[in-house]
Amino acid sequence: MEKAYTFDTIHQYNVFNNHETLNPLVSVIDFSKAHERTGSRMTFGLYCIFVKDIKCGDLKYGCNYYDYEEGTLVFISPGQVIDVENKVDLYQPKGYGLVFHPDLIKGTALANLMDDYHFFSYNTNEALHLSAEERKIVFDCFAKIEYELSHSIDKHSKKLIASNIELFLNYCERFYDRQFITRENANKGILEKFEQLLNTYFNSENPYTIGLPTVAYFADELHLSANYFGDLIKKETGKSAQDYIQNKTTDIAKTKIQSGDKTINEIAYELGFKYPQHFSRLFKNRVGMTPNEYRNVGNN
């Protein structure tokens with residue numbers, strides 16, 4: 001029978017990893033202290049950041065598989081499920097983790113920033129691969145949090161721990177920026193495929209059957225999470241993926257308006273708009289004139 005665990009409290013996860021609970025809302029885990037185990041399915045009600053030091057088999061996360069590499073940083077947010085596929089072979093967990101309950105950051109500045117850390121909703125195949133120097137910074141941040149955990153809880157504890165977690169997450173944003181840059185060639189390949197997919201989309205029946213193209217649609221086609229895809233496009237083009245799609249839609253609309261005798265309503269439906277007035281509004285916002293005004297200017 002498949003082993004399945006749900007971790008809603010720090011204490012539950014500490015027990016699972018043979019760790020003492022020093023604070024009910026946060027823990028730094030040394031996985032080498034855990035007992036040998038086989039793979040299992042785990043549902044988290046916690047924020048978790050894992051630095052894995054060994055390969056532990058294929059990890060299923062959502063619909064994607066990922067084989068951990070050494071020095072890989074993976075982010076889990078409450079409600080997510082991970083599944084180590086190998087349910088037979090024993091392995092000794094190694095590496096470290098930072099785990100904290102959502103209640104830890106309630107009322108702190110960090111609570112308002114969590115949605116900005118998009119990497120918590122990246123797929124595992126979009127994990128952060130640390131350099132040796134970055135790895136040292138990660139463990140330095142973990143050490144500062146451990147220092148706070150080793151002292152008695154006082155009125156400063158929550159603020160200091162939350163501040164150190166925020167510092168760590170801000171470093172992770174910098175590291176991801178570095179990763180986007182160092183993988184520039186691969187990213188340009190994704191951008192080219194995105195452009196091809198956009199052209200294919202508008203030359204197919206998709207606008208009629210699906211409607212307007214969405215960021216989620218193209219992310220799925222490229223086997224990326226929507227947030228990772230959006231961040232990648234933003235880094236490469238300076239525009240959001242949604243903005244990029246709307247630019248493409250507007251460019252195609254311009255060609256259709258100038259080169260044919262179809263009505264504005266017909267063009268709107270061809271592009272995937274359910275309501276022609278929505279097309280006219282988008283076009284005017286981006287071009288500065290209505291579709292009919294644009295047609296009249298071109299005909300003069």
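Just so it is clear, the values below take in all heavy atoms, side chains as well, and ignore hydrogens, waters and symmetry mates.
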Phe180 and Tyr228 aromatic centres sub-6.0 Å: yes
Thr250 side, atom OG1; Ile245 side, atom CD1 - distance, nearest 0.5 Å: 11.5 Å
Test of ring centre spacing under 6.0 Å for Phe229 and Phe218: no
Cationic N near anionic O, under 4.0 Å, Asp231 to Lys234: no
Lys/Arg N to Asp/Glu carboxylate O, Glu195 vs Lys248, below 4.0 Å: yes
Arg174 with Glu134: basic N within carboxylate O range, under 4.0 Å: no
Separation of Thr72 OG1 from Leu130 CG (nearest 0.5 Å): 7.5 Å
Cluster link Leu167 to Phe119, ILVMFWY, side chain under 4.5 Å: yes
Ring centroid separation Phe194 to Tyr244 under 6.0 Å: yes
Aromatic contact, Tyr13 with Phe44 (centres under 6.0 Å): yes
Pair Tyr122 + His118: ring centers closer than 6.0 Å: no
Distance (rounded to the nearest 0.5 Å) between Asn296 CG and Ile257 CD1: 10.5 Å
Over 12 non-hydrogen atoms of neighbours within 6.0 angstrom of OH in Tyr171: no
Electrostatic pair Asp140-Lys144, nearest N-O below 4.0 angstrom: yes
Test of ring centre spacing under 6.0 Å for Phe16 and Tyr5: yes
Which atom of Phe142 lies closest to which atom of Val28, heavy atoms considered: O-CG2, 4.0 Å
Atom CD of Glu133 with >12 non-hydrogen neighbours under 6.0 angstrom: no
Residues Asp261 and Arg295 bridged, charged N to O under 4.0 Å: no
Between NZ on residue Lys188 and NZ on residue Lys193, distance to nearest 0.5 Å: 15.0 Å
Distance-only side-chain donor-acceptor flag, Ser157 / Asp154, under 3.5 Å: yes
Ser225 and Asn123 side chains, donor-acceptor separation under 3.5 Å: no
Ring geometry between His278 and Tyr275 (parallel below 30°, tilted from 30 to 60°, perpendicular above 60°): perpendicular
Between Tyr201 and Tyr217, ring centroids under 6.0 Å: yes
